[in-house]
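Let me begin by presenting the structure, written as structure tokens, before commenting on it.
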Amino acid sequence: MSYVRPYNPNVRVGNWFEDLALEEDLMKDFLAKRENGELLYQKKQAAMAAKAKVVEGISLAKTSLSTTSDGNVHFGDCVMVLNEGDTDRRKYFASVDPRDTNTLCVNPSPVEGSDRVELPVGAMVNTDPNSRNVFQIQSVDGTPDGSPLTFGQNFTLAIPNTDLRLFSDVASLFTNPNPVRSQDLKMASDNRYLTHWICEYFDPLLRPEYEGMSVKVNTKLIIRHAKTGNALSVNGDKAMEGTDCSEYPATALTQLDSHKAEKPTNHWALVMETS
């Protein structure tokens, strides 16, 4: 009887029913994910569409700043973050020009290799308010809009009408391999502690006395990262990568002088209209 075939493909052996049910469940899961847009290619397409939408709204189009009547910065206000240029305009090195007055700005080129909407941050010489250099002061502790921002109080800097906030984290070998080891800045759709910032009075000797007092508009101050303690800084010695000489790199790096006080590259002002 060696010529008799003991098995053919129509014979069901083993856990054939369980295998069939598993295949049906896999197909149901696939169809459900496709309907809800949860497949990987759908997520990537949605992320690319979100990036394109955000980038489309970021340009040099003129934008209005908020107006204050009491001279204070309030939650919900739209401000420019301005750094004054070098007072000494002499050129000491052939390849290094004196730092011009600049404002913190968003680069409309998305960060490569990220599925989320992330935009690099720099400092532009253009001091006219536009959609690239105007940010909104947002609360992180439930403080209502219209309440004054105080020294030492956590807040976030966000692009108006978006969920993109100024983000920074500790530099590592994988995230920032540059020799300075400074923290990169970017706008990210994130609401963690990594997006929290604190305003401090620029003079370290008077800083404790100003703790808890209202932040004044158009006055010099320090903006410090809440997690790492590094201060917002601009590097006016070189141009930002991918741009012309009208933009500087911005990082979170505390630079101290011989008196253990922050250098002018760490001095900023929240600029608004006054009435």
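Since the model is a prediction, treat every value here as computed from it, not as a measurement.
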*Same cluster or not: are Leu185 and Leu270 linked, directly or through other Ile, Leu, Val, Met, Phe, Trp or Tyr residues, by side-chain heavy atoms under 4.5 angstrom apart?*
yes
_Worked check of side-chain contact (heavy atoms from CB on, under 4.5 Å) between Met124 and Asn133_ = CA-CA 8 Å; Met124 64 190 312; Asn133 64 358; 4.0 Å; yes
_For Pro264, is there any backbone N or O sitting under 3.5 Å from a side-chain donor or acceptor partner on Asn83?_
yes
*Is there a donor-acceptor pair closer than 3.5 Å between any side-chain N or O of Arg165 and the backbone N or O of Asp190?*
yes
*Output yes when a side-chain donor or acceptor of Asp86 lies under 3.5 Å from a complementary backbone atom of Pro98, and no otherwise.*
no
*Any chain of hydrophobic side-chain contacts (each under 4.5 Å) joining Val234 to Ile223?*
yes
*How far apart are the C-alpha atoms of Glu23 and Lys28, what are their side-chain angles, what is the distance that settles it, and do they pass the salt bridge (charged side-chain N to carboxylate O under 4.0 Å, His left out) test?*
CA-CA 9 Å; Glu23 292 180 2; Lys28 290 180 181 179; over 6 Å; no
*Please report the closest heavy-atom contact between Pro160 and Phe135, naming both atoms and the distance.*
CD-CA, 4.3 Å
*asked:* Taking Val73 as the starting point, is it possible to reach Tyr201 by hopping between hydrophobic residues whose side chains are less than 4.5 Å apart?
replied: yes
*Any side-chain donor near an acceptor of the partner, Asp145 and Ser147, under 3.5 Å*: no
*asked:* Quick check against the 3.5 Å criterion: does Thr101 have a side-chain atom that pairs as donor or acceptor with the backbone of Gly85?
replied: yes
*Indicate whether any N or O donor in one side chain lies under 3.5 Å from an N or O acceptor in the other, for Gln183 and Asn230.*
yes
*Quick one: do the Asn130 and Thr63 side chains pair a donor with an acceptor below 3.5 Å?*
no
*Applying side-chain hydrogen bond (donor to acceptor under 3.5 Å, both in side chains), run through Asn235 and Ser233 and close with a yes or a no.*
CA-CA 7 Å; Asn235 185 354; Ser233 174; over 6 Å; no
*Check whether any side-chain heavy atom of Val125 lies under 4.5 Å from a side-chain heavy atom of Glu247, and answer yes or no.*
no
*side-chain contact (heavy atoms from CB on, under 4.5 Å) between Asp70 and Thr68: does it pass, once the steps are laid out?*
CA-CA 6 Å; Asp70 57 3; Thr68 178; 2.8 Å; yes
*Is a side-chain N or O of Asn36 found less than 3.5 angstrom from the main chain of Ala32, in a donor-acceptor match?*
yes
*Do Lys220 and Phe202 meet the cation-pi criteria used here (NZ or CZ under 6.0 Å from the six-membered ring centre, within 45° of the axis)?*
yes
*CZ of Arg34 to CD of Gln42: how many Å apart, nearest 0.5 Å?*
8.0 Å
*Would you say the side-chain atoms of His196 pair up with the backbone N or O of Val140, donor to acceptor, closer than 3.5 Å?*
no
*Are Trp268 and Met80 grouped together when hydrophobic residues (ILVMFWY) are joined by side-chain heavy atoms under 4.5 angstrom apart?*
no
*Is Leu205 reachable from Leu221 through a run of hydrophobic residues whose side-chain heavy atoms are each under 4.5 Å from the next?*
no
*asked:* So does Asn126 get a backbone contact from the side chain of Thr103, meaning a donor-acceptor N/O pair under 3.5 Å?
replied: yes
*Taking all non-hydrogen atoms of both residues into account, name the closest pair between Phe75 and Pro144 and its distance.*
CB-O, 4.0 Å
_Minimal non-hydrogen separation, Thr228 against His225, with atom names_ = OG1-ND1, 3.0 Å
*Would you say the side-chain atoms of Asp77 pair up with the backbone N or O of Val79, donor to acceptor, closer than 3.5 Å?*
no
_Gap between atom CD of Gln136 and atom OG1 of Thr162 - 0.5 Å precision_ = 9.0 Å
*Rounded distance [0.5 Å steps], CG in Leu232 versus CG in Leu166*: 6.5 Å
*Supply the atom-to-atom distance Met187 CE to Asp163 CG, rounded to the nearest 0.5 angstrom.*
9.5 Å
_Looking only at the side chains, is there a donor atom on one of Arg132 and Asn107 sitting less than 3.5 Å from an acceptor on the other?_
no
*Mind listing the closest non-hydrogen atom pair of Val106 and Ile159 along with its distance?*
CG2-CD1, 4.0 Å
*When you check the side-chain N and O atoms of Gln153 and Ser139, is any donor under 3.5 Å from an acceptor?*
no
*Can you check whether Val121 reaches Leu104 side chain to side chain, under 4.5 Å on heavy atoms?*
yes
*Side-chain (Asn102) to main-chain (Asp100) donor-acceptor, under 3.5 angstrom*: yes
_Pairwise distance CG(Asp203) to NE2(His267) - rounded to 0.5 angstrom_ = 8.5 Å
*asked:* Is it the case that atom CG in Asn161 sees more than 12 heavy atoms from other parts of the structure closer than 6.0 Å?
replied: no
*Give the minimum heavy-atom separation between Ala250 and Ala123, together with the two atoms involved.*
CB-N, 4.4 Å
*asked:* Quick check against the 3.5 Å criterion: does Glu118 have a side-chain atom that pairs as donor or acceptor with the backbone of Lys186?
replied: no
*Is the closest side-chain donor-acceptor distance between Glu273 and Ser66 under 3.5 Å?*
no
*What distance do Thr143 atom OG1 and His74 atom NE2 have between them, rounded to the nearest 0.5 Å?*
12.5 Å
*Got Ser168 and Trp197 here, is their nearest side-chain heavy-atom distance under 4.5 Å?*
yes
*Atom of Asn154, atom of Ala226 and distance for their closest heavy-atom approach*: ND2-CB, 4.1 Å
Can I get a per-line list of side-chain donor-acceptor pairs under 3.5 Å for residues 209-219, giving both atom names and the distance, sequence neighbours left out?
unit_1 : atom_1 : unit_2 : atom_2 : d
Lys216 : NZ     : Asn72  : OD1    : 2.8
Asn218 : OD1    : Met272 : N      : 3.2
Thr219 : OG1    : Lys216 : O      : 2.9

